[in-house]
Each structure stands twice: as structure tokens, then as C-alpha cells.
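Because the structure is predicted, anything quoted here is derived from the model rather than measured. Each ligand, and each atom within it, is numbered from 1 in the order the structure gives.
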Amino acid sequence: MTDNQKKVVTRMAPSPTGYFHIGSARTALFSYLFARKHGGSFLLRIEDTDKERSKRELETSIYDAMSWLGLSYDGEALRQSERTAIYTSYLEKMIAEGTAYVSKETPVEPGGRTEVIRFKNPNRQVTFHDEIRGDITFDTTELKDFVIAKSLEEPLYHLAVVIDDHEMAVTHVIRGEDHISNTPRQILLQEAIGAMRPIYAHLPLILAPDKSKMSKRKHGETVSIGYYKEQGYLPEAMINFLALIGWNPGTDREIFSLDELVEGFSLERVQKSGAVFNVEKLNWLNREYIKKLPRERVSAEIEKVFPDADKATLEKIEPLILDRIATFADIRGIKESGEFDFFFGQPGYETSLLKTPEFLPETRQLLEKLEPKTWNLEPIKEALWEFATEKGRGKVLWPLRVALTGKEKSPDPFTVAALIGKEETLKRIDHAIEIAQHTS
Ligand code: GLU
């Protein structure tokens, strides 16, 4: 059993056989938080023993995700494919001691393997304590003498995990709940090599809002962390969001920086039942984090998308843009939809969209009376309110809004008029009056 005085060591052990999953990111985060909270180490180990399915490019996506999220690990990442000699020496020892043996096999396919290395299963009950789920007992008899290596140089997953966790002095194995059924096998192997049993904490599954498991097959690229980076989510928001998938801070508070999470994290507050991935929550968090950014950063993101637009106009419409986006990538959507084009120039539209252009001349007169220096939202509204109420708000405000924006849907005409300025507002009303005359 683990000695409590020992320095905490956690590890993240991803297999580079698929894109870095949101569940893996959460495992990394919780392992990181636990280690940092206890002044321990957090290690990264690339589990690439499966030569056919492991890809360097996928391994790179792991490093990218960790660095994007700001989850720094201690020392160099280890790669299992570079540790063959270590596994071989353990295998030789196990064979010599009789806890493993070379087994003759009938090949499943022609030319297949005639020999593998099997574990000599002591066939007994294994009970382990899980920090999140309590005691779990398995009867290992049905596992039979399971295969632990294809040859002395080709260990399989369970053996490599156990040897590495032992060699790396891992004290706490924090990983997804899908590994619970692997744990009894790994415990038997630990006992066979004389390794200490780490403390286990299996994290709840991440579920889609319909409570089904988040899977690549069903949910496509939205299960990979890289997707969120590409979509323009801020890493701080993603970290905060991942922390709340399965961990409960115990208060109503929802905004936590990475350091605050380190401070507040505990395995006791991790729930047993599946935790729902709620993208609305992520969007909300991302907006909260955008609000915290320095203004210049936000302006720069907007200018990147509208490089040719007038800076003063951009600055004015910034609050409207921020109101409409969840992530910076959404700014591009606003540009592409053309929904804000009217801020940058006279919009085109069908005259019929004006519906009641007969109210425009009087509207224009009322607006013209306003001093340019009081040209603000409230005075504009006041100038028109009485007239609009008398004639019917829709009849007055609809054609004004269309004259200014050319759109069926847009921000209200007062807001738009205030933003584009008096001169431009009157110009657009004149244009509307003129085209309406031509068609009547
Ligand atoms: N390599 C395993 C995986 O990617 C994790 C092993 C572990 O955490 O023990 O699922």
C-alpha cells in the first residue's frame, strides 16, 4: 500500500492513436490539479506500444493540446516505444520467477504468431479502493492467463502501464472510468513485479446532453480538443469548463482560473455519475473570459476579420459584435453573413422592403433638428418617439430601420443611427425617399 509521506506523482498517459479527446484533456487537467495542489509532479507518458495505430502526428496533437491548455508537465515526456529494454528485463524476470511464461499458440491466421507471453494468473479476488467510487471487487479468474506481451520486445498495454507507473513512482492514477475493468489485471501485474499499488481515482464519463457517451462516431470532431482551439475558444475558458465536468466546487461560483482550480481542487468533490458536456455553458464561460481580456486584444481580433474597415466604426460596433459572438471565430461568421455590412456603407435592398416609406420625410425632419453633438441613442429615440407613437411604431420605425440597414432583421434603428452618425443617417433616409418615389 502507498506510503502517505511520499511525494505525490500523477501522470497523463495518452495513446497517440486518435485525436486528443476532451475526456483525455479533462484527465490531464485533474491529474495536473491534483499534483500541483499537493506540491507533487505531473508527468506525461506517450503510450505508443501499438505500433500500427500510433501516429507521430497524433502525438504532436497531444503536445499541442497540453501547451494550448497551459498544462505544463514535469521533465521530458516519456515514450513507451523507447523503453523496450526496460520491459524486456521485467519480462525475463517474471518468466524466471514463474509469474509469466512463454505460451505456444495455434496461429489465428496463416503465418501468425506461434508464441506469446502469458501472465500466470493466481485466480483470485481483487479488491481495490477507488477515491471516487469506493471499494471495487473483481474476480480475476475469468481473465485466465491473459497475454502480456507478444514477445520479449513487444509488451502489451497492461504490462507497460504497470512497469512505467512503478518506474516513474506514480502515486495516484487518475484516469477515465473506462479503465476500471483494466485495474484488476494491472493490480495482479503490480503484485507480480513487486510494485506498490497506486491510489486510483476513476473519473466519470463525459456524456452528451442526451446522456449518450460522447463518441467520435456519433459526435464527430466535437469530441477532440483541437476542435475547440480551431473554433476560437480561449484556453482559460476551456480549462474552466473541463474542470466543471464532473468536479463540483461546492459553491455557486463558476469562474476559476487554473491557479484557483489548483487551490480548490479535491478528488472528494468529483462525482461518480456521468457528467454532461454542455456547450451552452462553454459558450457562456468563453464570453465571460472575452470580457476579461484587455480591450486591445479584442479590437485586434475584430480588426483581423475586418482589415479594410474604418477603425472608428469598428470601435463603435464592437459592443454589438461582442453581444453576438461566443468565440472570436464567430466574428468571421458575422462578416460572411454580411449582417453588419450596413455599418460600413449604404446598404442595397428592394424598395418594397420599406413597406411604409411615406413616413420617412417627417422622420427625416425630426432627426435633422437634432444637434450633431447630441446625436446619441436617447435623444434620437426621444426625437422620434411621439411621432412614432402617434402614427404607429411599426409604420415609422420599420422603414427607418430598413433605410439604415437594408435588412429585414438588424439592431434597432436608434442604435444604428447613433452608430453611423447624423450625416450618414440623413443620407440613407434621403436615398430611401428617393427610391420610393421612383417606384411609386
Ligand atoms: N493509454 C491509456 C489511454 O489512452 C491510458 C492508460 C492509463 O491512464 O492508465 O486510454
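Salt-bridge check for Arg113 with Glu154: passed, with a basic side-chain N closer than 4.0 Å to an acidic carboxylate O.
Close contacts between ligand 1 and Pro14 involve ligand atoms 4 (O) [criterion: under 4.0 Å to a heavy atom].
Looking from atom 10 (O) of ligand 1 to the surrounding protein, the closest heavy atom is His179 NE2, 3.0 Å. Nearest to atom 1 (N) of ligand 1 among the protein's heavy atoms is Glu47 OE1, 2.6 Å. The protein non-hydrogen atom at the shortest distance from atom 6 (C) of ligand 1 is Tyr157 OH, 3.1 Å. Counting only heavy atoms of the protein, atom 2 (C) of ligand 1 lies nearest to Ala13 O, 3.4 Å.
Ring pair Tyr73/Tyr63 is tilted by interplanar angle, where 30° to 60° counts as tilted. Ring planes of His38 and Phe34: tilted class, angle from 30 to 60°. In this structure, Tyr90 and His166 have perpendicular ring planes: the angle between them is above 60°, well past the 30° mark.
Met12 has its side chain out of reach of Arg45: every pair of non-hydrogen atoms, C-beta onward, lies at least 4.5 Å apart. Put simply, the side chain of Tyr200 does not reach to within 4.5 Å of the side chain of His172, judged on heavy atoms.
Heavy atoms of Ser15 found under 4.0 angstrom from ligand 1 belong to the backbone as well as the side chain.
Within the 4.0 Å heavy-atom shell around ligand 1 one finds Arg11.
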